[in-house]
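Presented below is the structure to which this report refers.
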Amino acid sequence: MDRLGSFSNDPSDKPPCRGCSSYLMEPYIKCAECGPPPFFLCLQCFTRGFEYKKHQSDHTYEIMTSDFPVLDPSWTAQEEMALLEAVMDCGFGNWQDVANQMCTKTKEECEKHYMKHFINNPLFASTLLNLKQAEEAKTADTAIPFHSTDDPPRPTFDSLLSRDMAGYMPARADFIEEFDNYAEWDLRDIDFVEDDSDILHALKMAVVDIYHSRLKERQRRKKIIRDHGLINLRIFLLMERRYPNFFQDLYETMRRFARIVGPVEHDKFIESHALEFELRREIKRLQEYRTAGITNFCSARTYDHLKKTREEERLKRTMLSEVLQYIQDSSACQQWLRRQADIDSGLSPSIPMASNSGRRSAPPLNLTGLPGTEKLNEKEKELCQMVRLVPGAYLEYKSALLNECNKQGGLRLAQARALIKIDVNKTRKIYDFLIREGYITKG
C-alpha cells in the first residue's frame, strides 16, 4: 500500500468520489487496478466495500494524502503548497497575511521556513549573476581564494621586486628596515642605577613603556602584512584583477579597512560590495527595460543590439566636430577622413589629428609592456597613447586629482595644474577626460 501525495489543497480540483459523487477530502483511496480513468473513492465508500462495474472491493489500492514531510519534518506537503500559494496571493514579505491564510503556522515560522528552503536553498539558487556552482562550492567559507604569504618569492637584493616587497627577507621572515626603525635609539643612553631618584626612575620606566608600545605597533603592522598577503604584491594584484574595472577604485579605497578585520572577513566585505554593484547595475538595466516597455528577455536582446548600434552611429556623427576647427587645413582633413574610414571598417583609429600650427604631430605612445597598463580601461589607454603619458604616471596623477576633488568637493583646472607639475596642455586633457568620465567634478 503506497502513500502518494496530491499537492492540491482545493477539493474542487480533484475528481469526485465514484460512490457518492462528493468532493474528495484527503486522505482518499485510488484503485491500483482500475483505469484509466483513475478510480477514486472516499473513505466512507471504501469502508462500505463499494463496487462498480469492473471495480471489486478486493482490488489493491493506494492511499492518496499529502500528510508527509518534503523539506522539513514539521511541515507536510500540503502545508508547503499552502505556503507557496499564500506567498503568491499575499506577496513576498507580507508574512502576517501569509500566516493568516495558512492558519496552521505563525508569522515567524512561515518567514523562517520560506527563507531557509526556497530562498537560501542552494538547489533553488538564482542565476541572475551567472554564479557557477563550482565557484560557490569553492568559496563557501571565504569570499575569494585567500593566499597568505607563507612562501613569498626570494628576489635578489636591491632588485625592483625586492623594493616592491619593502626589503622583506623570506629566509629570516623579517624586513631589512623595521617600522619605526630608530625606536631603540631612545633607550641607548638609559641606565638604571641604585642612586636614581624616584622621579628619574619613573621617567626611565615611562620611556621603556613607550618603547614597548612602539614594539607592539611594529608587530601589529607585521601581522597585518602577513595575514592579508601584502608581501607578495603580484598575487595581491592578481586577486584584485578578479573584479571589473569599474570596481577597482572602490577596491583600493576599501583596502584601508583591512587592518580592522581579518583577511577572510575583509574578503567577504569586499565581495559583498562587488555583489551590491552587480545587483544595482542589474536593477538599473531592468528598470531601463521597463521604461522602454520591454516585457521579455528576447526583446531585451534586440533592444541592447539596437542601443549599441545607435551609440556607434552617434560616435561617428560627433567626430565631425574634431575636423571643423581644421577645415582650412587640407592635411588635417585627410587625416580625419582616414581615421573615419578606419572606424567604418571596424578598426581602432590610430592616426592623431594634425594641428593647424604646421608642426608634425608625434605618433601615439606604444603601451606594450609598460607597467600599469593592465589597470587602465580602453578609454584611459587611448588617452595615454594620444597624450604620450606612461600608465604609471597617469595613475599617480589620477589618484592625486581624485583625492583633492574628494577633499574640496570639486576641482578647478587651476587647482589641477598646481597639483601636477607637467605640461599645461597634458594637464588640461587629463582634467577634461576625468570630468567627462565622471571621476571628478568641477569646483
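Not measured: the values here are computed from a predicted model. Sequential numbering from 1 along the given sequence is applied to the chain's residues.
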Heavy-atom pair with the smallest gap, counting every atom of G410 and Q415: O-OE1, 4.1 Å

Check the angle between the aromatic planes of F92 and W95 and answer parallel, tilted or perpendicular using the 30° and 60° thresholds. perpendicular

Quick check for you: to the nearest 0.5 Å, what is the distance between I210 atom CD1 and L215 atom CG? 12.5 Å

Taking the cut-offs as 6.0 angstrom to the six-membered ring centre and 45 degrees off its axis, would you call R221 and F179 a cation-pi pair? yes

Where do F297 and Y303 land on the side chain to side chain contact (heavy atoms under 4.5 Å, CB included) test, with the steps shown first? CA-CA 9 Å; F297 284 103; Y303 173 81; over 6 Å; no

Value for CD1 (I283) from CD (E278), rounded to nearest 0.5 Å, stands at 11.5 Å

Note, P391 side chain near P371 side chain (heavy atom, < 4.5 Å): no

Can you list everything that forms a side chain to side chain donor-acceptor pair (under 3.5 Å) with N296? Sequence neighbours excluded, please. S299

Who passes salt bridge (charged side-chain N to carboxylate O under 4.0 Å, His left out) against E111, sequence neighbours left out? none

Which residues pass the ring-ring contact (aromatic ring centres under 6.0 Å, His included) test with F39, sequence neighbours left out? H55

I want to check something: taking the side chain as every heavy atom from C-beta on, are C20 and Q44 in contact at a cut-off of under 4.5 Å? no

Criterion ring pair (Phe, Tyr, Trp, His ring centres under 6.0 Å) on Y61 and F46, from CA distance to verdict: CA-CA 10 Å; Y61 60 91; F46 175 74; 4.7 Å; yes

Enter the distance from E79:CD to S74:OG here, rounded to the nearest 0.5 Å. 8.0 Å

More than 12 non-hydrogen atoms from neighbouring residues, nucleotides or ligands closer than 6.0 Å to NZ on K381, yes or no? yes

Any chance you could lay out the side chain to side chain contact (heavy atoms under 4.5 Å, CB included) test for I270 and F257, step after step, and finish with the verdict? CA-CA 10 Å; I270 293 296; F257 295 102; over 6 Å; no

Can you list the residues that meet the salt bridge (charged side-chain N to carboxylate O under 4.0 Å, His left out) rule with D432, with sequence neighbours excluded? R428

Student check: side-chain heavy atoms of K222 and E178 closer than 4.5 Å: yes

Could you walk me through whether H273 and F277 pass the ring pair (Phe, Tyr, Trp, His ring centres under 6.0 Å) test, one step at a time? CA-CA 6 Å; H273 278 276; F277 265 69; 7.7 Å; no

Measure the shortest side-chain to side-chain distance between F269 and V261 over non-hydrogen atoms and say whether it is less than 4.5 angstrom. no

Name all residues meeting the side chain to side chain donor-acceptor pair (under 3.5 Å) criterion together with T291; count only those two or more places apart in sequence or in a different chain, and write none if there are none. none

Nearest heavy-atom approach of L389 to A393 is CD1-CB, 4.4 Å

For M102 and A86, the nearest pair of non-hydrogen atoms, with its separation, is CG-CB, 4.3 Å

Heavy-atom count check: over 12 atoms from other residues, nucleotides or ligands less than 6.0 Å from R280 CZ? no

What I'd like to find out is whether the side chain of T106 reaches to under 4.5 Å of the side chain of C110, using heavy atoms alone. no

I want to check a possible cation-pi pair here: K105 against W75, using under 6.0 Å from ring centre and within 45° of the ring axis as the test. yes

Please list, chain by chain and in numerical order, all residues satisfying side chain to side chain contact (heavy atoms under 4.5 Å, CB included) with P38, sequence neighbours excluded. K30, F40

Could you note down all residue pairs passing salt bridge (charged side-chain N to carboxylate O under 4.0 Å, His left out) where residues 286-297 supplies at least one of them, sequence neighbours left out? E288-K307

Side-chain heavy-atom pair E80, H113 within 4.5 angstrom cut-off: yes

Does D304 have any side chain to side chain donor-acceptor pair (under 3.5 Å) partners at least two apart in sequence or in another chain, and if so, which? Y289

In sequence, state the C-alpha distance, the side-chain angles, and the governing distance for V390 and C384, and then conclude on side chain to side chain contact (heavy atoms under 4.5 Å, CB included). CA-CA 6 Å; V390 294; C384 291; over 6 Å; no

Please name all residues satisfying salt bridge (charged side-chain N to carboxylate O under 4.0 Å, His left out) with R214, sequence neighbours left out, ordered by chain then number. D180, D186

Considering only heavy atoms from C-beta outward, does the side chain of Q101 approach that of D97 to under 4.5 Å? no

In this structure, SG of C42 is separated from CZ of F50 (nearest 0.5 Å) by 9.5 Å

Quick one: list whatever passes salt bridge (charged side-chain N to carboxylate O under 4.0 Å, His left out) with R220, sequence neighbours left out. E217

Measure the shortest side-chain to side-chain distance between L401 and I430 over non-hydrogen atoms and say whether it is less than 4.5 angstrom. yes

Can you measure from NZ (K112) to CG (D72) and round to the nearest 0.5 angstrom? 9.0 Å

Would the distance check show the side chain of Y431 and the main-chain N or O of L411 forming a donor-acceptor pair, the cut-off being under 3.5 Å? yes

For E108, what residues pass the side chain to side chain donor-acceptor pair (under 3.5 Å) criterion, not counting sequence neighbours? none

Before you tell me yes or no, could you show the steps for Y114 and L84 under side chain to side chain contact (heavy atoms under 4.5 Å, CB included), namely the whole-Å CA-CA distance, both residues' side-chain angles and the distance that decides it to 0.1 Å? CA-CA 9 Å; Y114 191 86; L84 294 178; 3.9 Å; yes

Closest contact, heavy atoms only, V387 versus K426: O-CE, 3.1 Å

Minimum heavy-atom separation for L41 to Y28, with atom names? O-CB, 3.6 Å

Can you list every salt bridge (charged side-chain N to carboxylate O under 4.0 Å, His left out) pair that touches residues 390-405, not counting sequence neighbours? D249-K398, E380-K398

Interatomic distance, CD1@I29 vs NE2@H59, rounded to 0.5 Å, equals 14.5 Å

Quick one: does T309's side chain have a donor or acceptor within less than 3.5 Å of a partner on H305's backbone? yes

